[in-house]
There are 2 protein chains.
Amino acid sequence: MSQRNTGVTPQVVNAHACPVREVLDRVAGKWSVQILVAAAHGPIRFTELERGIEGISRRMLTLTLRNLERDGLVTRTVHPTVPPKVEYELTPQALELHETLQRLTDWAERNRVYIAEARASYDVAHEPELADA
Amino acid sequence: MSQRNTGVTPQVVNAHACPVREVLDRVAGKWSVQILVAAAHGPIRFTELERGIEGISRRMLTLTLRNLERDGLVTRTVHPTVPPKVEYELTPQALELHETLQRLTDWAERNRVYIAEARASYDVAHEPELADA
DNA sequence: CCGCATCCCTAAGGATACTG
DNA sequence: CAGTATCCTTAGGGATGCGG
């Protein structure tokens with residue numbers, strides 16, 4: 001696994017053959033993950049999502065929900081009551097995804113400090129060329 | 001875990017407290033992941049990356065590498081030879097991340113067909129309102 | 001070989017106002 | 001309540017050319 005690179009035909013990473021990117025493209029949107037998280041515990045209504053997710057606009061909530069629905073990650077159930085009531089729920093596939101994302105969270109939390117420090121030291125090392133007098 | 005939502009204080013997802021998003025923001029760039037993958041097997045040179053990653057521009061390669069370096073995910077080693085030779089290598093932290101991303105890949109591959117079908121059926125269901133004569 | 005600087009363009013996403 | 005429609009701003013990223 002960790003054998004040295006030979007220098008021959010250096011890891012041709014074909015974008016079309018890279019499934020990670022597919023997932024990321026699906027989830028890279030600013031709000032997708034937060035929706036997945038917010039809906040992970042069961043059906044949730046539109047307005048609940050709107051209030052639960054800090055700073056999301058109605059427009060983006062709708063758009064992101066539509067995309068998730070299109071990808072089969074959330075189901076949309078309209079209760080024909082008055083006033084209308086719409087519930088969104090994660091599909092089993094989305095729940096799996098949500099669990100997988102949890103691993104990323106773990107990584108992030110384990111390495112949060114490391115990264116912060118790396119940034120800090122990089123930034124001082126590459127300080128804006130201070131005007132020497 | 002899958003208990004019903006109570007309706008009370010519906011999962012306030014604070015963006016600042018959501019570590020997944022941090023990782024994603026770091027990796028969401030169009031090229032970051034492919035670089036991580038391409039460099040996962042050991043030190044690799046700038047030009048090798050450039051040739052190995054289909055469609056990347058020199059500019060984006062440089063930028064993305066800089067960001068990864070800043071976050072402590074790759075190291076940059078300059079060999080003061082002539083012509084110059086620069087090698088990039090993943091840090092242990094990046095290797096961990098790479099493994100975690102593998103889980104996402106697994107999910108993507110397991111669900112690729114499901115998603116494709118979901119999209120297809122969504123798209124036909126929400127066909128562009130055909131102009132009825 | 002490695003990389004930075006510049007210009008440009010597109011698409012994600014915010015703000016706001018209107019409806020079934 | 002749960003959306004849609006419209007306008008506008010910004011940042012990601014492509015193309016290209018120069019330089020150590």
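Not measured: the values here are computed from a predicted model. Lettering of chains follows the sequences in order, A, B, ..., and the numbering in each one begins at 1.
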Subject >> Side-chain donor/acceptor of B:Arg59 to base of C:dG3, under 3.5 Å >> reply: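 Under the 3.5 Å cut-off, the side chain and the base do not form any donor-acceptor pair.
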
Original post:
With hydrophobic residues grouped by side-chain heavy-atom distances under 4.5 Å, do A:Val86 and A:Leu73 end up in a single group?
Top reply: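 Per the 4.5 Å side-chain linkage, A:Val86 and A:Leu73 are co-clustered.
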
**OP:** With the side chain counted from C-beta on, respond yes when A:Arg70 and A:Arg66 share a heavy-atom pair under 4.5 Å apart, and no when they do not.
**Re:**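 Result no, sub-4.5 Å side-chain heavy-atom pair not found.
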
Which whole-number value in Å describes the distance from [X] [atom1] to [N] [atom2]?
X: A:Leu65; N: D:dT4; atom1: CG; atom2: C1'; answer: 14 Å
X: B:Arg76; N: C:dC1; atom1: CZ; atom2: P; answer: 16 Å
X: A:Asp25; N: D:dG12; atom1: CG; atom2: P; answer: 15 Å
X: B:Ile44; N: C:dC1; atom1: CD1; atom2: P; answer: 14 Å
X: B:His79; N: C:dG3; atom1: NE2; atom2: C1'; answer: 18 Å
X: A:Leu63; N: C:dA11; atom1: CG; atom2: C1'; answer: 12 Å
X: B:Glu48; N: C:dG3; atom1: CD; atom2: P; answer: 13 Å
X: A:Leu61; N: C:dA15; atom1: CG; atom2: C1'; answer: 16 Å

Subject >> Presence of B:Arg58 side-chain N/O under 4.0 Å of D:dG17 phosphate oxygens OP1/OP2 >> reply: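 Indeed not, no polar side-chain atom of B:Arg58 lies that close.
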
Original post:
Is the distance from OP1 or OP2 of D:dC1 to the nearest side-chain N or O of A:Tyr88 less than 4.0 Å?
Top reply: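 No, no such contact exists.
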
From the set [options], return the single nucleotide nearest to any side-chain atom of [X].
X: A:Trp31; options: C:dG14, D:dC1, D:dG13; answer: C:dG14
X: B:Pro83; options: C:dG3, C:dC1, D:dG13; answer: C:dC1
X: B:Met60; options: D:dG14, D:dC1, C:dG3; answer: D:dG14
X: A:Arg66; options: D:dT4, D:dA2, C:dG14; answer: D:dT4

**OP:** Remember a base hit wins even if backbone is also touched, and classify B:Thr62 as base, sugar-phosphate or nothing at under 4.0 Å, heavy atoms.
**Re:**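 Sugar-phosphate, backbone atoms only, no base.
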
Original post:
Quick one: do A:Arg110 and B:Glu96 make a salt bridge, cutoff under 4.0 Å?
Top reply: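 Salt bridge between A:Arg110 and B:Glu96, a charged N being under 4.0 Å from a carboxylate O: yes.
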
Original post:
By side chain to side chain donor-acceptor pair (under 3.5 Å), which residues pair with B:Glu99, not counting sequence neighbours?
Top reply: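 For B:Glu99 there are no side chain to side chain donor-acceptor pair (under 3.5 Å) partners, ignoring immediate neighbours.
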
Original post:
Which residues pass the side chain to side chain donor-acceptor pair (under 3.5 Å) test with A:Thr100, sequence neighbours left out?
Top reply: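 Applying side chain to side chain donor-acceptor pair (under 3.5 Å) to A:Thr100 gives none.
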
